[in-house]
Amino acid sequence: MLGGYSLLVGRSKSRSLASLVMTALLSHAERGLYCEAGDFYIDPWQPVDRAVITHAHGDHARWGSNSYLCSREGEGVLRTRLGPAATIRAVAWGESVDVNGVRVSLHPAGHILGSAQIRVEHGGEVWVASGDYKTDPDPTCTPFELVRCHTFITESTFGLPIYRWPHEWQVFDEIRAWWRANRDAGRASMLFGYALGKAQRLLAGLADADIGPVYTHGAVERLNRDYRAAGIRLAETRYASDLPKGTDFAGSMIVAPPSAAGSLWLRRFGNVSTGFASGWMRIRGARRRRSLDRGFVLSDHVDWPSLLATVEATGAERVLVTHGFREPLVHWLTDRGIEAKAVASEWKGEEDTDPVEVAGEEIPA
Ligand SMILES: [Zn+2]
């Protein structure tokens with residue numbers, strides 16, 4: 001069943017009559033974003049025959065499909081997510097794959113290791129599905145590549161003018177100062193960040209920070225392996241649960257997923273100061289609501305100015321907005337004469353809670 005935004009196609013004045021009758025290259029269907037011409041889905045939320053995957057976060061890479069196409073850079077983390085039985089084909093950046101006559105290629109999205117935008121070309125039409133993306137520098141993944149297209153399908157996780165990110169170096173300065181103050185006070189620093197992506201970005205930023213020792217939650221440590229195997233340099237870490245009872249954690253840095261906050265696991269660390277690295281920390285109330293001592297504004301998504309700049313730079317004449325604060329972006333684009341529409345998806349962007357799962361199993365703390 002195809003619904004959603006097929007009606008949008010063909011309104012562009014620059015298009016030939018032939019394009020007026022064609023259906024949308026990508027449509028919102030029951031199981032996800034569907035390409036009828038190539039008979040495949042992008043990040044389907046239900047099992048399908050052919051899935052093209054933007055990245056390994058749980059809301060984009062789900063179990064049960066017969067085959068998966070992903071970037072070579074992202075193969076390790078996707079394998080960890082999906083388990084050994086999944087059929088995964090990995091391709092190089094920009095490599096063209098013919099799927100039933102549709103040209104498909106993957107281009108860096110700069111979100112987490114291996115994250116890709118999916119470029120789909122058929123009958124002279126180019127569509128790009130962004131998945132999640134950011135344009136800020138990040139040592140743990142290939143930088144975002146701008147891909148020109150007719151239709152851009154974008155996220156809008158932080159699509160409100162209040163969301164503007166500070167420089168990454170500024171955030172790491174704050175994290176180091178926080179750790180020093182905690183060490184001097186005889187406390188451990190408990191830093192929460194999503195187990196896949198954010199935790200490794202934190203550990204990469206702390207690689208030369210002269211802090212430590214650095215301990216990790218099991219979910220973070222498991223994914224660290226994939227990042228190191230991909231050649232990403234992270235701070236030296238130890239799996240916290242390997243340490244004997246009664247270990248003194250004062251002066252250490254512990255990196256854990258936000259789901260560990262308030263858990264029994266936390267108790268062993270004694271006197272801790274808690275911090276959370278997330279785009280949501282831009283809003284003071286978001287930190288207070290979670291009873292955190294500190295919030296660090298570090299996101300793996302574009303902020304509002306970068307979102308607008310990127311969408312414009314794609315040259316797209318039609319923009320579909322799939323998740324996050326969709327309406328402000330739709331209004332902004334419409335005001336500028338760009339055809340824009342919010343469409344439904346089951347993608348979530350940067351979530352408050354991050355299920356700590358790998359290949360369908362709960363990971364021990
Ligand atoms: Zn994501």
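None of these values were measured; they are calculated from a predicted model. The first residue of the sequence shown is numbered 1, and numbering continues consecutively from there.
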Visitor: Is a side-chain N or O of Thr322 found less than 3.5 angstrom from the main chain of Thr154, in a donor-acceptor match?
Guide: yes
Visitor: Quick one: are the ring centres of His150 and Trp127 less than 6.0 Å apart?
Guide: no
Visitor: Do Arg233 and Asp208 meet the salt-bridge criterion of a basic N to acidic O distance under 4.0 Å?
Guide: yes
Visitor: Please check this pair: side chain of Arg318 against backbone of Lys341, looking for a donor-acceptor N/O pair closer than 3.5 Å.
Guide: no
Visitor: Between Arg238 and Val214 (side chain of the first, backbone of the second, donor and acceptor by atom type, cut-off under 3.5 Å), is there such a pair?
Guide: no
Visitor: Look at Asp300 together with Lys134 and state whether they make a salt bridge at an N to O cut-off of under 4.0 Å.
Guide: yes
Visitor: Is it true that Asp184 and Arg180 have a side-chain N and a carboxylate O under 4.0 angstrom from each other?
Guide: no
Visitor: So if you build clusters from Ile, Leu, Val, Met, Phe, Trp, Tyr with side-chain heavy-atom gaps below 4.5 Å, do Trp165 and Ile162 land together?
Guide: yes
Visitor: Say you draw a straight line from OG of Ser65 to CG of Asp49; how long is it, rounded to the nearest 0.5 Å?
Guide: 8.5 Å
Visitor: Under 3.5 Å, is there a donor-acceptor pair between the side chain of Asp132 and the main chain of Gly349?
Guide: no
Visitor: Donor-acceptor check, side chain of Arg79 to backbone of Pro84, threshold 3.5 angstrom: yes or no?
Guide: yes
Visitor: For residues Gln117 and Thr54, determine if any side-chain heavy atom of one lies less than 4.5 Å from a side-chain heavy atom of the other.
Guide: no
Visitor: With a 4.5 Å heavy-atom cut-off, do Arg72 and Glu95 have their side chains touching?
Guide: yes
Visitor: Using side-chain heavy atoms (C-beta onward) and a distance below 4.5 Å, is Leu308 in contact with Trp332?
Guide: yes
Visitor: Please check: side-chain N/O of Trp63 versus main-chain N/O of Arg81, any donor-acceptor pairing under 3.5 Å?
Guide: yes
Visitor: Indicate yes or no: at least one non-hydrogen side-chain atom of Leu203 is less than 4.5 angstrom from one of Val255.
Guide: yes
Visitor: Can you tell which of His60, His301, His57 makes a ring-ring contact (aromatic ring centres under 6.0 Å, His included) with Trp347?
Guide: His60
Visitor: If you round to the nearest 0.5 Å, how far is NE2 of His55 from CD of Glu73?
Guide: 13.0 Å
Visitor: Between Arg103 and Asp98 (salt bridge meaning N to carboxylate O under 4.0 Å), is one present in this structure?
Guide: no
Visitor: Using a 4.5 Å cut-off on heavy atoms from C-beta on, say whether the side chain of Ile232 contacts that of Leu113.
Guide: yes
Visitor: Centre-to-centre under 6.0 Å for Phe276 and Trp280, is that the case here?
Guide: no
Visitor: Any salt bridge linking Arg228 with Glu221? Criterion: basic side-chain nitrogen under 4.0 Å from a carboxylate oxygen.
Guide: yes
Visitor: Measuring centre to centre across the rings, with the benzene-like ring taken for any Trp, is Tyr215 within less than 6.0 Å of Phe249?
Guide: yes
Visitor: Check this for me: does any side-chain nitrogen of one of Arg119 and Glu121 sit under 4.0 Å from a carboxylate oxygen of the other?
Guide: yes
Visitor: Check whether any side-chain heavy atom of Tyr163 lies under 4.5 Å from a side-chain heavy atom of Ile283, and answer yes or no.
Guide: yes
Visitor: Could you walk me through whether His107 and Trp93 satisfy the ring pair (Phe, Tyr, Trp, His ring centres under 6.0 Å) test, starting with their C-alpha distance in whole Å, then the side-chain angles of each, then the deciding distance to 0.1 Å, before giving a yes or no?
Guide: CA-CA 5 Å; His107 304 265; Trp93 294 127; 7.9 Å; no
Visitor: Evaluate the side chain to side chain donor-acceptor pair (under 3.5 Å) criterion for residues Ser273 and Trp178: first the C-alpha distance (whole Å), next the side-chain angles of each, then the deciding distance (0.1 Å), finally the verdict.
Guide: CA-CA 9 Å; Ser273 175; Trp178 170 66; 3.0 Å; yes
